[in-house]
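Here's the structure, in structure tokens; my notes come after.
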Amino acid sequence: MRKKAALRIIISVILFAVIFFALQRLLMPKYMTESKEGAMIQEYYQNAGDNDVVFITDCEVYENFSPVKLWNEYGIPSIIRGSAQQMIWQSYYLLEETFRYESPSVVVFNVMTMTYDSAESVGDQSKMEAYNRMTLDGMRWSKSKVSSIKASMTKEEKEKSGIWSYIFPILRYHDRWNDLKEEDFRCFFKQDQVTDNGYLMQVKVNPVKDDYPRIPLVSYQFGDICYEYLDKIRLLCEEHNCQLVLVKAPSLSPIWYDEYEIQILDYANEHDLLYINCLEHLDEIGIDWNQDTYDQGLHLNVYGAEKLTVYFGQILRDECLLQDRRSDSSLSEKWTEKTRLYDQRKERMEKERDQEADIQP
Amino acid sequence: MESELREILEEIRPDINFDAETQLIDGGILDSFDIVTLVAEINARLDIAIPAEELIPENFNSAEALLELLERLDEE
Amino acid sequence: MSFASVTFFVFLGILIILYYALPHKIQWVLLLVASYVFYLFAGWKYLPFLVFTTISTYLGTNYISRNAEASKAYLEREKDHLSKEDKKAYRAQAKKRSRIAMILVLVVNIAILFFCKALLVDPFLSLAKGNTSLSFLTLGLPMGMSFYMFQSLGYLIDVYRDKAKALKNPFKLALFVSFFPQLVQGPISQFTELEESLFSEHAFDRKQIAFGLQRMLWGFFKKMVVADRIAVAVQALQGEEYRGFAFFILMIFFAIQLYADFSGGIDIAIGIAQVLGVKLPENFNRPYFSRNIADFWRRWHITLFQWMKRYIFYPISVSKPMLNLSLKGRKKFGRFGMRIPVYIGTFLTWMGTGIWHGFHWHFILWGFLNCIFIVVSEELTPAYEKFHSRVSFSNKKGYDIFQIIRTFLLMNLIQITDLFPRLSEYFGKVASLTYVFNFHILWDGTMTKLGLTGTDYIILLCGVVLMFAVSMIQRKGSVREQMLKIPCVIRYGILFIMIFAVILLGSYGIGYDASAFIYNQF
Amino acid sequence: MKKRSLLVFASLMIAALLMLTACGGSKEPETSGDDSSDQGGKLVFLYKDMEIAMKEDAAPILEALGEPKSYTEAASCAFEGLDKTYYYGSFYLYTYPDGEKDRVNMVVLCDDTLSTPEGLAIGDSKEKVESTYSADGYNGVNAYVYTKGDCTLTIIMENDKVSSIQYGAVFES
């Protein structure tokens, strides 16, 4: 009798767990068609290992640098660990995690991130929470993830559910049952790759129209917390024998003020870091604002990104002394496949774009 | 005393058979209004003051219990 | 730490394991530690108040009981030497000392309670901040203070009345005061009722634990799926523009919210205690099936109104001055005059309860309305009875249902005052019931602008039907006992469905963006 | 003996009460200082007698303002909807998306042809700022910041002269 009761409890616990985790998996957003940025972090694990360059931070890297192009031009294997509105502490913990999967020689950090020093700099709190989810949910469990969650949670998140809703994401997504899509079922077990080694491709063309206003700010000083984490990132790189390169991507907005530039130059000088402000090399890169941007100069499209990558690869080769590794056959094989997918994606997206253009007058 | 108590009870709730009921409070037959009226009436006619602490179900569940209470209070 | 949080479940899980794994002798100690941990999770700020109430109650009760014992011993020793008058005088004197001690502790604690309530949960403050706190649902604030205070003060009075013995162990008293399941929304236990199960040892009892968990589950369902969901519409419907029939809908919705939230919270509290082998008193007895207002108050928030009756209404209405007043009134006005104490007692009790809800006119109005309705219905009883003895109803059941609906609507009219701190607004809306007949809001899309979608309404409907069904089943005794009779596969199926209903349909967390909607309203 | 212990007990209680009220009393400013941002009144920008308040629906305002001199838009990472900037020669109007609607996010005055409804314009002195608004808003470095309800008015100073006047929406944090 007792045995029977115990058996009943065990079976129901197992059954409960199965249903619970299945529902949880089903309800978590898959980010396959909308907000693809949400899928990027978890995609990393399939492409991790043996990358010489790791790009961190947000859309100013993941839409502006193309690892596939970098490989094909210079034989430098690279990956982007980007996510939407990545805060600097998130970049740090992602990097910390990355060093457990591979040992890159160069880490590229985009300095615009220095201006996001708190939840307020994102403005809308609900967006902030959504960005947190997109950056954090995809991470595998590790000390880095826990630390990143703790550093990232908004006040509301802390009050409402705290870290539990990251441990059991169903607590966050429980009411998505009402708007489940086909992709939630299709990608239940395995998600599609939405990026090419972290690069989120855009093919549309939307030229720059007017200048972006340079509104004076009360303060141009980067936050203490940003400096704190930039130091941490620098030390982490030193510890792993890795060169930290600072870069300002060629995005016209948000405005990169001169006051920002001075602070970064000071920092780079003080710590002997390589810093490239792409905004000052637009002509060398060959950016044509009528052709190379998909959103009026905020981010590059694939044509611009490839130009920038060619330019930047040169620096990686000449200044960071990265080797051409195309002679490595297993690596080469891997990248040939990536290139194939990349070209396929490009072709498909261009076709879609052209079709769309035909429909709209 | 007993007969007078009976009289009072019947005046307040003529619809109840006080000999049979043993759940006047727990059964929700007498409400708090009835009890206070009862206390006032007993005070008026029998000159016995029932203090608030004695207003507990055990003392009011039956006519018998109530009588016991009155006898006890009368002695003190 | 809210009951509806993972942290709480982890806390409860650890507690249960320790509770039944460690020697059963220390179970009550564990409960005490757990209660303080629970309390500390809410912040250390209120801890001094809890400790103070505990210590003052301890000192008070022990002083009273030592004083009583000493005087008894003295009388026993000297019984041959003292005259009857001397004894009586001595006894009176001893009682007086006890009374001073009791009143002292009472006054100090009540002063603290009012002080904290006025300062920390003043309705004006919360209004200014834009979040109209549902004051009937936040009675326990700040931090369960009202409930633990009522409980300890009741105990103090019981000791004074010699109905309970003073606890010699201060830590046991500390547990009685702080027992965590009842800290949030009650119920308010009476010492003599709780003592036995709180301090005794409890063996691991699978059935009790399962029943406790099931009760919690039902509470979570009511609270999270029904109450928290409908709350959005209740909030929206308070807007200026919703009058007439919309106000009627608000009353119904508020009634649902209030009951689901409050009784759900109590279910959770009783369930937690049951898991730990402690029996808490029931606080609701299907109140919306009451026949009249007085009946309603015997079935709604039972423990509070028992408390009010025991420690406020009775002492006032049978006090010496009242009885004298009654005697005089009887001579002058007959039966009605005799009942003056009852009315004064009722009036003061309701006013007190109203003021305790918050220092605001609409609570005083609430107390006043309750008082009026109860007194009027009491006075009309003989007339009703006369009427019934002449006209016999062929349809008894129909009349019952009529009474139930009438009481329900009347109660809604009273309870809804909670939402309208501005009395003019309340009266305006009530008046609009008689001349604004905007029934079209049911189908013209107004209902979907309240922050609830069609799906939400379907869920709510299912929830309310389920609550109704459970009430009906309850009439035949414990629902959980009856569930034991059905095959175990079905029973487990039902429980699983309920658990996942709470997880999926509950309105909690950030996803459920009620605040954004409410924000748009203002 | 009895009396004395009662006395001791009583004084204990009273002492404890005093202690509690004292410690409770010190909490007072904490609770009352909470709603300082809501002291009645509003901060709004007036342009040709048209009120432009933060978080308002931008559509009717834009319609009344007519064709802007220039226009830019920016998508936020990963979200639908665009932050839009309209330039009208003497001021910028920023909007942010909120579901279907665009709402006013910021108004920035660009030259001294415009002034705030209270009469402050670019180029005015520090004293004028303090007499028009108050000295309380000074951030200690280079700006005056005033928040009322949904709006923050930021006045940036350069060489003791007003160099920029900005109205911005306040988002709850």
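As the structure is a computational prediction, the values presented were derived from the model and not from experiment. Each chain gets a letter, A, B and so on, in the order its sequence line appears, and its residues count up from 1.
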Side chains of [X] and [Y]: is there a donor and an acceptor less than 3.5 Å apart?
X        : Y        : answer
A:Gln191 : A:Tyr31  : no
A:Tyr44  : A:Glu97  : no
A:Glu129 : A:Thr154 : no
A:Trp164 : C:Ser5   : no
A:Ser83  : A:Gln90  : no

Over-ring placement of A:Arg81 relative to A:Phe109, 6.0 Å and 45° cut-offs = no

remark   = By residue number, those in residues 485-505 of chain C with heavy atoms under 4.5 Å from heavy atoms of chain A are C:Cys488, C:Arg491, C:Tyr492, C:Phe496, C:Ile499, C:Phe500, C:Ile503, C:Leu504, C:Leu505

What part of [X] gets within 4.5 angstrom of chain C, counting heavy atoms only: side chain, backbone, both, or neither?
X        : result
A:Ile19  : both
A:Ile163 : neither
A:Glu157 : both
A:Ser12  : both

task = Specify whether A:Phe20 and A:Phe168 have parallel, tilted or perpendicular ring planes, treating 30° as the upper limit for parallel and 60° as the lower limit for perpendicular.
result = perpendicular

task = Could you please spell out the steps behind the salt bridge (charged side-chain N to carboxylate O under 4.0 Å, His left out) verdict for C:Lys223 and C:Asp267?
result = CA-CA 10 Å; C:Lys223 215 175 157 70; C:Asp267 283 333; over 6 Å; no

